[in-house]
Q: 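First the structure, then my questions, so here it is.
Heavy-atom basis, side chains included; hydrogens, waters and symmetry copies ignored.
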Amino acid sequence: MTDPHAVPFRPVDFPPVDLEIETRADGTTVLTPRTPLEYAARSVPEGLARQAARVPDRAYLCERGPDGGWRRQSFAETAARAGATARRLAAMTIPAGRPVLIVSGNSIAHATVRYGAMAAGVPVCPVSANYALLGGGYERLKHVVDLVRPALIFAETSAYADAARAVSDVPVLTRDPDAFGAGAEDYAEWTAGGDAADFAGLARDINIDAPAAYMLTSGSTGKPKAVVQTQRMLTASLSQGWMALGRAAGWDDTLLEWLPWSHVSGAFSSMAAAIFGGTFYIDAGKPLPGLFDETVRNLREIPLRYFTNVPAGYAMLADALEADEALRETFFSKLRLMLYGGAGLPQSLYDRIQRLAVETVGARIFFTTGYGSTESTSGCMSIYFPTEEVGIGLPMPGLSAKLVPNADRFEVRLKGPNIMGGYLDAPEASAVAFDEEGFYKTGDTAVFRDADDPAKGLGFGGRLAEEFKLATGTWIAGGAVHAELRRVLEPYLLDLLVCGENQAEIGVLAWPKPGRSADDADFRAAVAERIEAHNSANPQSSRRVGRLAFLAEPPDPNAHELSDKGSVNQALAKRRRAAEVEALYAEPAGAGVLTFSAT
């Protein structure tokens with residue numbers, strides 16, 4: 001069998017890496033690309049208007065209809081309907097800064113309302129559909145309403161009616177006004193009678209430094225904050241991405257994504273297609289058991305140059321590709337670039353996908369990754385240079401990355417036109433988010449792949465907020481340990497929690513993958529073998545696992561343990577599962593706890 005590592009990658013047209021490297025006496029390093037940032041558009045609506053004039057009939061947005069077929073809305077239709085929406089919003093004389101709150105999932109209507117609000121100079125605030133669909137007291141949705149004080153709520157269907165009524169009495173725009181009662185506005189009426197040329201005129205008048213979007217942080221350390229994003233930030237971020245990855249990725253070709261538009265990564269890709277002229281297929285699938293079937297269905301129909309997902313999605317994709325030759329043929333036919341984010345990609349999973357690519361098309365496909373945050377508008381660092389190393393890469397044009405020594409790693413701080421000015425109505429939180437030179441403090445750490453050659457990029461070193469101390473005083477880089485254990489245990493575990501604060505050793509609470517059983521002796525033995533191999537390679541107490549137990553209850557999205565991207569909120573999940581953490585460390589160890597001796 002051919003060794004996949006010996007097979008070349010399909011060609012990827014990356015820009016040259018040309019860094020200005022400043023090294024300071026205290027060990028701080030600042031990396032800045034010398035290539036200047038070239039803005040692709042003055043604003044996102046201006047970019048959409050340009051494509052509506054250039055390729056008016058090209059499909060911009062596509063979504064599955066009730067009959068299973070694809071519904072398409074062209075660039076010109078999107079601009080016209082957004083223009084009509086902008087005129088209706090202008091007639092409401094909305095006070096400056098009051099947003100349209102979007103409590104719907106990804107859809108053609110969602111995008112149309114977003115662009116209409118932006119053209120009218122009204123900010124948008126998209127929130128996770130789960131805030132409105134999971135029931136309960138809608139506490140997070142109420143918090144957001146109190147924070148941003150919306151002037152209008154867009155709730156596309158009747159599924160959101162109970163939530164909308166529970167959290168606010170402001171007007172609702174919807175496709176189903178009868179479900180919302182008196183005063184609800186009809187989406188069909190609001191978007192009728194518009195004109196793409198009128199939308200272009202509105203776009204020309206946008207104040208690019210006024211609030212364009214309020215994007216919510218994850219809320220992993222408290223209630224979500226709202227990052228104020230401007231059109232200048234959005235177009236800087238989109239232009240950075242285009243210069244580093246977009247040309248190679250084919251943002252002007254065909255895109256298919258599921259990532260929620262309430263998260264910056266998902267919103268980024270749909271707006272990239274608007275500016276650069278791509279056709280964006282809205283994937284209703286998710287990387288969760290049963291829901292990923294929809295993604296597979298779409299991938300059977302739509303060949304892509306570029307595919308993005310989280311590692312859990314790639315694991316499900318590998319299973320599907322191994323079982324379906326026709327899917328492999330379509331998936332790899334045009335593919336040039338794959339991107340992952342949200343967590344590290346295990347080496348074994350990387351090798352599986354590359355083996356399938358080599359068997360199908362005789363070449364490997366380049367994997368890249370994006371690094372960024374809500375505060376940086378979206379991804380602003382990436383791997384855009386030849387390498388087989390995973391990591392966070394290098395800053396894109398227009399961005400400076402300041403690396404401040406922190407033990408054996410570097411704290412990452414960022415400055416550039418894509419970085420926020422601050423949080424909405426939170427001056428204290430905004431002030432502490434920046435250092436004395438105006439660099440945004442990400443709270444993440446990084447390591448150089450090659451200390452003698454910074455151009456080889458940075459690896460992820462963990463989040464400072466996930467660090468904790470053992471009872472011995474040893475610091476644990478929880479994020480780095482989590483990433484390594486996910487890699488080691490990828491065939492067996494869905495995810496895991498890294499525990500041990502004020503305990504004698506690191507402990508792990510783990511969710512078996514679907515189809516695996518914690519009662520299966522062979523499964524337990526295989527997991528134990530992987531942990532023992534990890535411990536042999538990492539005997540120091542800051543990395544070695546002392547005990548492991550399995551969890552039966554899956555991560556609960558209703559309790560916000562699970563994000564829309566499928567990642568687990570470590571701190572919150574451990575607080576909710578305090579009893580399981582206590583049982584993990586009970587003495588003597590319970591029958592369900594695997595224990596590992598120090599060597």
Q: Which distance, rounded to the nearest 0.5 Å, do you find between the CG of Asn298 and the CG of Asp293?
A: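 With rounding to 0.5 Å, CG (Asn298) is 11.0 Å from CG (Asp293).
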Q: Are there over 12 heavy-atom neighbours, none belonging to Glu529, within less than 6.0 Å of that residue's CD?
A: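 Not buried by this count: 12 neighbours or fewer within 6.0 Å.
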Q: Search all heavy atoms of Ser382 against all heavy atoms of Thr368 and return the closest pair with its distance.
A: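 Shortest heavy-atom separation between Ser382 and Thr368 comes out as CB-OG1, 4.4 Å.
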Q: Heavy-atom count check: over 12 atoms from other residues, nucleotides or ligands less than 6.0 Å from Lys415 NZ?
A: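 Buried by this count: over 12 neighbours within 6.0 Å.
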Q: Just by distance, do the side chain of Arg336 and the backbone of Ala248 share a donor-acceptor pair under 3.5 Å?
A: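 Not confirmed, Arg336 side chain does not pair with Ala248 backbone.
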Q: To the closest 0.5 Å, what do you measure between CG (Asn535) and CD (Gln540)?
A: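 Taking CG in Asn535 and CD in Gln540, the distance rounds to 9.5 Å.
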Q: Does Phe14 reach the side chain of Leu245, with side-chain heavy atoms less than 4.5 Å apart?
A: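 In short, these two side chains touch, coming nearer than 4.5 Å.
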Q: I need the Leu19 CG to Leu394 CG distance, nearest 0.5 Å.
A: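 One finds 5.5 Å between CG of Leu19 and CG of Leu394.
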Q: So how far is it from Gln354 CD to Leu349 CG, rounded to the nearest 0.5 Å?
A: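 If I round to the nearest 0.5 Å, the distance is 10.0 Å.
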Q: If you round to the nearest 0.5 Å, how far is CZ of Phe280 from CG of Leu255?
A: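 Between Leu255 CG and Phe280 CZ, I get 6.5 Å after rounding to 0.5 Å.
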Q: Classify the ring geometry of Tyr281 against Trp70: parallel below 30°, tilted from 30° to 60°, perpendicular beyond 60°.
A: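 Correct class here is perpendicular.
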Q: So Arg543 and Glu484, side-chain contact (heavy atoms from CB on, under 4.5 Å) or not? Walk me through it.
A: CA-CA 9 Å; Arg543 308 284 288 189; Glu484 173 63 12; 4.0 Å; yes
Q: Give a yes or no on whether Glu329 atom CD has more than 12 heavy-atom contacts from other residues, nucleotides or ligands under 6.0 Å away.
A: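 Correct, the count exceeds 12.
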Q: For the rings on Phe268 and Trp251, is their centre-to-centre separation under 6.0 Å?
A: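 Under 6.0 Å, so yes.
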Q: Using the side-chain contact (heavy atoms from CB on, under 4.5 Å) definition, which of the options Val481, Val545, Leu489 pairs with Leu496?
A: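 Going through the options one by one, the only one that passes is Leu489.
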Q: Under 4.0 Å between a Lys/Arg side-chain N and an Asp/Glu carboxylate O for Asp319 and Arg352?
A: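 Yes, Asp319 and Arg352 are salt-bridged.
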Q: Is Asp450 atom CG crowded by more than 12 heavy atoms from other residues, nucleotides or ligands, each under 6.0 Å away?
A: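 It does: Asp450 CG has more than 12 such atoms within range.
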Q: Are side-chain N/O atoms of Arg114 and Ser270 paired as donor and acceptor at under 3.5 Å?
A: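 Yes, a side-chain donor-acceptor pair sits under 3.5 Å.
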Q: Would you mind reporting whether Arg577 and Glu553 have side-chain heavy atoms less than 4.5 Å apart?
A: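 Yes, close enough: below the 4.5 Å cut-off.
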Q: Give a yes or no on whether a salt bridge exists between Arg328 and Glu359, defined as a side-chain N under 4.0 angstrom from a carboxylate O.
A: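 Glu359 and Arg328: not salt-bridged.
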Q: Can the ring centroids of Tyr350 and Phe367 be said to lie less than 6.0 angstrom from one another?
A: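 So the answer is yes for these two rings.
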Q: Ion pair present between Glu294 and Arg64, side-chain N to carboxylate O less than 4.0 angstrom?
A: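 Salt bridge between Glu294 and Arg64, a charged N being under 4.0 Å from a carboxylate O: yes.
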Q: Any Lys/Arg nitrogen of Glu375 or Lys441 sitting under 4.0 Å from an Asp/Glu carboxylate oxygen of the other?
A: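 Salt bridge flag = no for Lys441 with Glu375.
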Q: Pairing donors with acceptors under 3.5 angstrom, does anything connect the side chains of Asn309 and Trp258?
A: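 A pair is found: one side chain offers a donor N or O, the other an acceptor, under 3.5 Å apart.
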Q: To the nearest 0.5 Å, tell me how far Asp283 CG sits from Glu257 CD.
A: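 Atom-to-atom, Asp283:CG and Glu257:CD are 9.0 Å apart.
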Q: On a heavy-atom basis, which atom in Val358 and which in Arg364 lie closest, and how many Å separate them?
A: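 Heavy atoms only, the tightest pair is CG2-CG, 3.8 Å.
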Q: If every non-hydrogen atom of Ala477 is compared with every non-hydrogen atom of Gly461, which pair is closest and at what distance?
A: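 Between these two residues, the closest heavy atoms are CB-O, 4.4 Å.
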